[in-house]
Amino acid sequence: RKEVEQDPGPFNVPEGATVAFNCTYSNSASQSFFWYRQDCRKEPKLLMSVYSSGNEDGRFTAQLNRASQYISLLIRDSKLSDSATYLCAVNGDNDMRFGAGTRLTVKP
Amino acid sequence: SAVISQKPSRDICQRGTSLTIQCQVDSQVTMMFWYRQQPGQSLTLIATANQGSEATYESGFVIDKFPISRPNLTFSTLTVSNMSPEDSSIYLCSVSSGLRNEQYFGPGTRLTVT
């Protein structure tokens, strides 16, 4: 079993749609959680951290469920510019593990 | 967040040769990492570059193939030795920073081995 698993997609959605990604992790001792965005031929960039209480940044909402060991990312009112691959990341003791990424394409 | 640069940004190399990739950070950081990412695939951690001691390698990666230097807190190099076409990939360095040890990535080095 992989340490961090994501649905690879692709997710193809129209502009304005709401889309959600989930990510499960196997290490129950994981301490911090993140979502990264990676555009084609670019490096991953930190999108947002995921806090236990859930957190929101504009159209993006991240949630953590420790009991079920998964994190989620919700994107509301999708824009064309949201098209990218979204990677979840789970950190133990400075031991970051990345999911394989979920590809999102937002279409006009 | 830290500003990270990598050199070269890309290279095409012949099999059997070696390439050294440099990673420079604009501030002192404790933890630096080297990853590999093949097209359409996830990030694979190669090793953690430790300042003042040998790098810590992940399973499947060995020092003879991927020697790493970390002479100070702002710089590291990764060498891909005796290259074969299977080494063709993007190599990224990253640094750990912030209260939650989030990682920030360099722009990557795109390596093609012919």
Side-chain angles (χ1 to χ4, degrees), chain A residues 1-10 21 23-27 29-53 55 57 62 64 66 71 73 84-105, chain B residues 1-10 21 23-25 29-51 53 55-60 70 88-112:
Chain A
R1 183 186 171 190
K2 291 182 182 177
E3 292 183 65
V4 181
E5 294 204 60
Q6 287 183 254
D7 181 344
F21 308 134
C23 170
T24 59
Y25 60 94
S26 60
N27 183 359
S30 299
Q31 299 169 5
S32 50
F33 309 86
F34 309 92
W35 283 101
Y36 283 78
R37 171 191 170 129
Q38 186 171 26
D39 292 290
C40 188
R41 294 179 170 263
K42 297 286 188 181
E43 74 274 21
K45 293 188 177 176
L46 181 64
L47 179 65
M48 58 196 303
S49 298
V50 187
Y51 299 108
S52 297
S53 55
N55 48 299
D57 183 2
L64 166 66
R66 282 190 184 272
I71 62 175
L73 177 68
T85 297
Y86 292 83
L87 298 91
C88 63
V90 176
N91 202 3
D93 186 14
N94 244 327
D95 183 23
M96 187 87 87
R97 300 294 166 181
F98 288 85
T102 299
R103 180 155 182 79
L104 170 68
T105 300
Chain B
S1 63
V3 176
I4 307 164
S5 60
Q6 278 185 242
K7 287 195 296 188
S9 59
R10 59 177 62 230
I21 303 168
C23 179
Q24 179 76 53
V25 190
V29 292
T30 303
M31 306 293 290
M32 292 182 77
F33 307 89
W34 286 98
Y35 288 85
R36 181 169 74 182
Q37 186 177 35
Q38 290 171 327
Q41 303 296 313
S42 181
L43 294 158
T44 301
L45 180 63
I46 297 171
T48 301
N50 303 308
Q51 196 269 330
S53 63
T56 305
Y57 289 84
E58 295 295 300
S59 175
R70 180 87 194 269
S88 298
S89 189
I90 299 171
Y91 291 83
L92 299 117
C93 70
S94 76
V95 303
S96 179
S97 176
L99 294 174
R100 306 185 83 225
N101 292 322
E102 54 266 36
Q103 288 191 18
Y104 299 92
F105 288 85
T109 295
R110 185 176 296 273
L111 171 62
T112 302

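Reminder, nothing fancy here: chain letters follow the sequence lines and each chain counts from 1. Quantities reported herein were computed from a predicted structural model and do not represent experimental measurements.
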So, the part of A/Gln38 with a heavy atom under 4.5 Å from chain B: the answer is side chain
Quick one: does B/Arg110's side chain get under 4.5 Å of A/Arg41's, heavy atoms only?
yes
Taking every heavy atom of B/Ser42 against every heavy atom of A/Gly99, the minimum-distance pair comes out as OG-O, 2.9 Å
Separation between CG (A/Leu46) and OG (B/Ser97), nearest 0.5 Å, reads 10.5 Å
Go through it in stages, so that I can follow the logic: the residues are A/Lys45 and B/Tyr104, the test is side chain to side chain contact (heavy atoms under 4.5 Å, CB included), and I'd like the CA-CA distance, side-chain angles, deciding distance and then a yes or no. CA-CA 7 Å; A/Lys45 293 188 177 176; B/Tyr104 299 92; over 6 Å; no
Taking the ring centre of each residue, are A/Phe98 and B/Phe33 less than 6.0 Å apart? no
All heavy atoms of A/Phe34 vs all of B/Arg100, minimum pair found to be CZ-O, 3.4 Å
Donor-acceptor pair, distance only, cut-off 3.5 Å: does the side chain of B/Asn101 make one with the backbone of A/Asn91? no
Taken to the nearest 0.5 Å, the spacing of A/Glu43 CD from B/Gln6 CD works out to 8.5 Å
Side chain to side chain contact (heavy atoms under 4.5 Å, CB included) for A/Lys42 and B/Phe105? Distances and angles first, verdict last.
CA-CA 10 Å; A/Lys42 297 286 188 181; B/Phe105 288 85; over 6 Å; no
May I ask you to say whether A/Arg97 pairs ionically with B/Glu58, meaning some side-chain N is under 4.0 Å from a carboxylate O? yes
task = Tell me, with the steps shown, if A/Tyr36 and B/Gln103 meet side chain to side chain contact (heavy atoms under 4.5 Å, CB included).
result = CA-CA 10 Å; A/Tyr36 283 78; B/Gln103 288 191 18; 3.6 Å; yes
Intermediate values then yes/no, side chain to side chain contact (heavy atoms under 4.5 Å, CB included), A/Met96 and B/Tyr35:
CA-CA 11 Å; A/Met96 187 87 87; B/Tyr35 288 85; 4.1 Å; yes
### Message
Could you check whether any side-chain heavy atom of A/Pro44 comes within less than 4.5 Å of a side-chain heavy atom of B/Leu92, counting everything from C-beta outward?
### Response
yes
